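Taking it in order: structure first as structure tokens, then the write-up.
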Amino acid sequence: MALPAEKERYTFADVLTWPDDERAELIDGEVVLMAPAPSRGHQEISGEVFRQLANYLEGKKCKVYHAPFDVRLFEKDGDTPEDVDTVVCATDAGREGELIFRLTYDLCQCTKPVKRLWISSMEESAIRKGFDNLVDGQKYNNLYAAALCRAKADWLIGINGTRLFTTLYKGKTLNVGRVLTPTLTLLAEREAAIEHFKKEKFYTVELDAQGIRASSGKFNSKTDAEKLRSACLGKTAVVQSVTRKDKTERPPKLYDLTTLQREANRLFDYTAQQTLDYLQSLYEKRLATYPRTDSRYLTEDMAEGLPALCSTVAGALSFMVGQPLPVHAAQVVDSSKVTDHHAVIPTAEIAGADLAALPTGERNILYMIAVRLLCAVGEPHTYAETAVTLDCGGASFMTKGRTVAAAGWKGTEKAFLSTLKKKAEEPAPALPELAEGQRLEGADALLKQGTTSPPARFTEDTLLSAMEHASAEDFAALESVERTGLGTPATRAATIEKLVKSGFVERKKKQLLPTEKGLALSWAMPDQLKSAKLTAEWEDRLGAVERGELAPEDFMAGITAMLTGLVRSYRNVAVAPSPLSDSGRAGIGKCPRCGKNVVEGKKSFYCEGYHDTPSCGFALWKNDRFFTSKRKELTKKIAASLLKTGRAAVTGLFSEKKGVFYDATVVLDDDGGKFVRFKLEFDNKSTRKEGK
């Protein structure tokens with residue numbers, strides 16, 4: 001590739017003025033590549049970086065993209081950059097935190113040595129200890145390389161996939177992405193399973209023996225179930241077995257963002273984005289800790305302060321008056337299970353806050369995380385479960401009962417739910433004391449009919465869970481992966497919102513349903529983009545990059561090869577008409593040339609067949625000389641009438657020759673040429689008015 005004259009510094013204008021044949025569009029089957037992005041005020045890049053870019057693009061046809069960044073350096077009063085001898089990277093202790101710092105550092109063209117602060121706790125002691133043990137920033141070079149590979153690969157998948165399928169179907173933008181597409185596929189596959197599900201009837205017999213209700217197994221035949229019912233009526237039921245087990249339900253874990261979003265959807269119908277927004281606001285008011293976390297534990301240095309925090313939190317909740325307040329900190333403390341941030345909990349600031357003045361959504365979320373903290377450190381819930389089998393009419397009937405021994409943490413949960421006028425899940429009622437061989441006289445029996453149910457449609461709760469656990473078997477085979485499932489707690493809500501706003505998914509009450517367009521897009525995607533397995537494969541290879549076992553260039557070479565193969569596999573492919581070809585605009589009529597919809601654009605009413613080969617060139621231009629010379633606007637109403645009947649009655653047309661206004665009928669006179677023609681027809685009653 002021929003470079004411009006040798007310079008010390010090059011601008012991106014130099015890159016973008018390379019010959020067009022070096023920057024062929026994707027429509028020709030080539031791959032879009034990414035160039036480094038300059039910051040505002042730093043529009044130049046070093047000669048060495050430019051030469052590296054040129055070498056990377058050598059022999060490749062590409063389109064060079066760059067995005068502007070706004071990077072500002074803040075300095076202490078009186079300080080200058082020369083006074084700083086070391087830069088401390090104090091971003092999140094993880095892959096993405098490392099990426100944010102390194103990009104900013106490079107964009108500022110900083111060359112100062114870097115030390116890394118690596119902490120997950122915001123306790124003062126942890127922060128001081130971290131600063132006392134700063135690590136050379138170069139130790140995390142491989143972590144940065146993996147983060148940059150992930151960011152580049154996601155960008156390349158998104159830009160190439162989106163442009164490829166949008167170009168193929170020639171309609172509205174079709175968003176494609178490593179997380180977006182598999183999430184849409186989850187919804188589409190669930191909808192297909194529901195559509196193909198065949199309901200089947202089944203029958204059971206319910207036995208009532210001296211107040212003890214027990215059920216038989218299922219019958220496919222109503223006749224067989226009726227025979228059993230008749231055989232049991234008025235007969236004696238005999239206790240075959242009584243099994244009693246003492247069980248314990250341990251306190252729940254603290255909330256990470258995804259779990260909080262799921263439960264807020266169940267309790268309050270909040271979308272994932274709403275929950276994140278409410279929690280973010282609480283964080284900014286210093287009432288809650290950092291929201292975007294996938295950890296459900298606290299760091300060990302937080303254990304000492306937990307009793308005081310729990311006491312403060314309980315004191316701020318009116319429904320906790322009279323409730324026991326045990327604090328078992330060990331249940332929620334495990335530094336080894338904390339990643340970038342610890343679990344979401346309330347802060348001690350809750351004590352002085354006017355909770356009643358908070359917006360309803362924020363208050364509900366704050367109560368949720370406060371109650372979860374108190375439940376998580378509480379006593380276990382213990383109960384005895386009794387399983388009883390009765391014999392009657394030659395068949396077995398089963399029933400279960402439960403006796404609570406200690407309410408434990410569920411007492412706190414029940415107190416909270418009572419304020420919402422929501423009942424906690426009611427367990428099976430306790431059973432009377434029974435003994436094997438005991439006879440229960442005069443049984444009654446009822447025949448009950450039921451139908452098998454299709455899989456339930458996704459709600460935000462269940463979809464978030466499906467995203468979190470997608471391709472679990474593939475991730476289970478990997479060791480030391482930082483992320484599992486589709487997306488991260490920080491991005492899952494945005495993914496759902498993007499699907500909704502793009503028209504691929506719609507909300508119906510609490511349910512999320514794929515639209516016709518969403519279904520069509522999912523079925524059009526190749527398997528490699530639809531499966532969450534791609535993310536698992538990436539995490540495996542990114543882990544190798546972090547450990548220094550795989551060169552970043554080799555990871556990116558694999559991404560480039562995959563995309564090149566994907567794009568080339570669709571070269572010269574003709575796709576059948578589908579909802580994906582719809583521009584998303586409402587049609588105002590049918591094209592008189594090809595019969596497709598005519599839609600309104602900014603400058604014309606045009607046929608949606610303009611993308612076809614050969615193109616349908618039909619268009620009614622809003623600035624057509626025929627109308628502008630008559631001081632008349634070609635409105636949507638006139639255009640619709642012309643398309644429907646070929647004629648439109650128009651009043652107030654201006655005659656340039658006579659200077660008068662008149663009424664007439666505009667007739668569509670299209671001969672298939674480049675421009676549509678019109679003519680006028682008059683009737684005897686056409687009126688003419690003198691111009692002013």
Side-chain angles (χ1 to χ4, degrees), residues 26 31-37 56 62-67 69 91-92 94-104 106 142-166 173-186 292 294 340 467-468 470-471 474-475 478 481-499 502 504 521 525-546 550 552-567:
L26 173 136
V31 176
V32 180
L33 297 171
M34 179 169 57
Y56 179 63
C62 66
K63 180 86 172 179
V64 180
Y65 285 83
H66 69 278
F69 285 81
T91 51
D92 294 350
R95 186 193 294 166
E96 301 310 314
E98 190 69 22
L99 178 65
I100 290 170
F101 170 79
R102 297 292 188 107
L103 290 178
T104 305
D106 291 343
N142 287 339
L143 181 67
Y144 166 60
L148 190 60
C149 284
R150 198 278 312 153
K152 287 181 176 180
D154 269 337
W155 189 88
L156 292 171
I157 290 280
I159 192 66
N160 285 287
T162 297
R163 294 187 72 206
L164 170 63
F165 289 98
T166 301
T173 301
L174 303 177
N175 302 101
V176 175
R178 174 180 60 89
V179 175
L180 196 76
T181 303
T183 302
L184 177 60
T185 300
L186 288 174
R292 295 168 179 81
D294 59 359
D340 301 18
M467 293 174 72
E468 187 177 22
S471 206
D474 295 306
F475 283 105
L478 307 178
V481 295
E482 182 175 342
R483 304 291 185 201
T484 60
L486 288 171
T488 68
T491 62
R492 287 176 187 135
T495 297
I496 295 172
E497 291 303 317
K498 188 169 185 178
L499 287 170
S502 299
F504 301 126
L521 179 60
M525 291 292 103
D527 289 342
Q528 65 189 126
L529 292 183
K530 289 197 293 186
S531 174
K533 187 176 181 180
L534 177 63
T535 295
E537 293 170 351
W538 278 25
E539 287 297 334
D540 187 30
R541 291 173 64 79
L542 289 171
V545 173
E546 286 184 27
L550 179 68
E553 295 79 10
D554 293 338
F555 177 88
M556 293 307 302
I559 299 298
T560 301
M562 181 191 78
L563 285 170
T564 301
L566 173 67
V567 174

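The analysis underlying the following values was restricted to heavy atoms, covering all of them including side chains, and did not include hydrogens, waters or symmetry mates. Model, not experiment: these values are computed from the prediction.
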Heavy-atom closest pair, residues [X] and [Y]:
| X | Y | result |
| --- | --- | --- |
| A470 | A532 | CB-CB, 3.7 Å |
| D340 | G94 | OD1-CA, 3.6 Å |
| C149 | M556 | O-SD, 3.8 Å |
| L542 | A146 | CD2-O, 3.3 Å |
| G487 | V179 | N-CG2, 3.7 Å |

Is the shortest heavy-atom distance from the side chain of [X] to the side chain of [Y] under 4.5 Å?
| X | Y | value |
| --- | --- | --- |
| L103 | L148 | yes |
| I157 | W538 | yes |
| V176 | L180 | no |
| Q528 | L566 | yes |
| L534 | M562 | yes |
| T488 | R292 | no |
| V545 | N142 | no |
| N160 | L156 | yes |

Could you give the distance from [atom1] ([X]) to [atom2] ([Y]), rounded to the nearest 0.5 Å?
| X | Y | atom1 | atom2 | result |
| --- | --- | --- | --- | --- |
| L499 | N175 | CG | CG | 8.5 Å |
| S531 | R178 | OG | CZ | 12.0 Å |
| T535 | D540 | OG1 | CG | 12.5 Å |
| I100 | D92 | CD1 | CG | 6.5 Å |
| T181 | F165 | OG1 | CZ | 8.5 Å |
| K530 | L521 | NZ | CG | 10.0 Å |

**OP:** Could you tell me whether a side-chain N or O of T564 sits under 3.5 Å from a main-chain N or O of T560, the two making a donor and an acceptor?
**Re:** yes

**OP:** Please confirm whether the backbone N or O of G97 pairs with a side-chain atom of T91, one donor and one acceptor, at under 3.5 Å?
**Re:**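 Yes; at least one donor-acceptor contact below 3.5 Å.
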
Original post:
Can you list the steps and then say if R150 with D154 is a salt bridge (Lys or Arg N to Asp or Glu O under 4.0 Å)?
Top reply: CA-CA 6 Å; R150 198 278 312 153; D154 269 337; 2.9 Å; yes

**OP:** Kindly indicate, with the supporting measurements, whether the criterion side-chain contact (heavy atoms from CB on, under 4.5 Å) is fulfilled by L184 and M525.
**Re:** CA-CA 10 Å; L184 177 60; M525 291 292 103; over 6 Å; no

**OP:** Just do the side-chain contact (heavy atoms from CB on, under 4.5 Å) check on Y144 and D106 with the steps written out, would you?
**Re:** CA-CA 12 Å; Y144 166 60; D106 291 343; 3.5 Å; yes

**OP:** Please name the residue in the list K498, R492, M467 that meets the side-chain contact (heavy atoms from CB on, under 4.5 Å) test with T183.
**Re:**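 That would be M467.
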
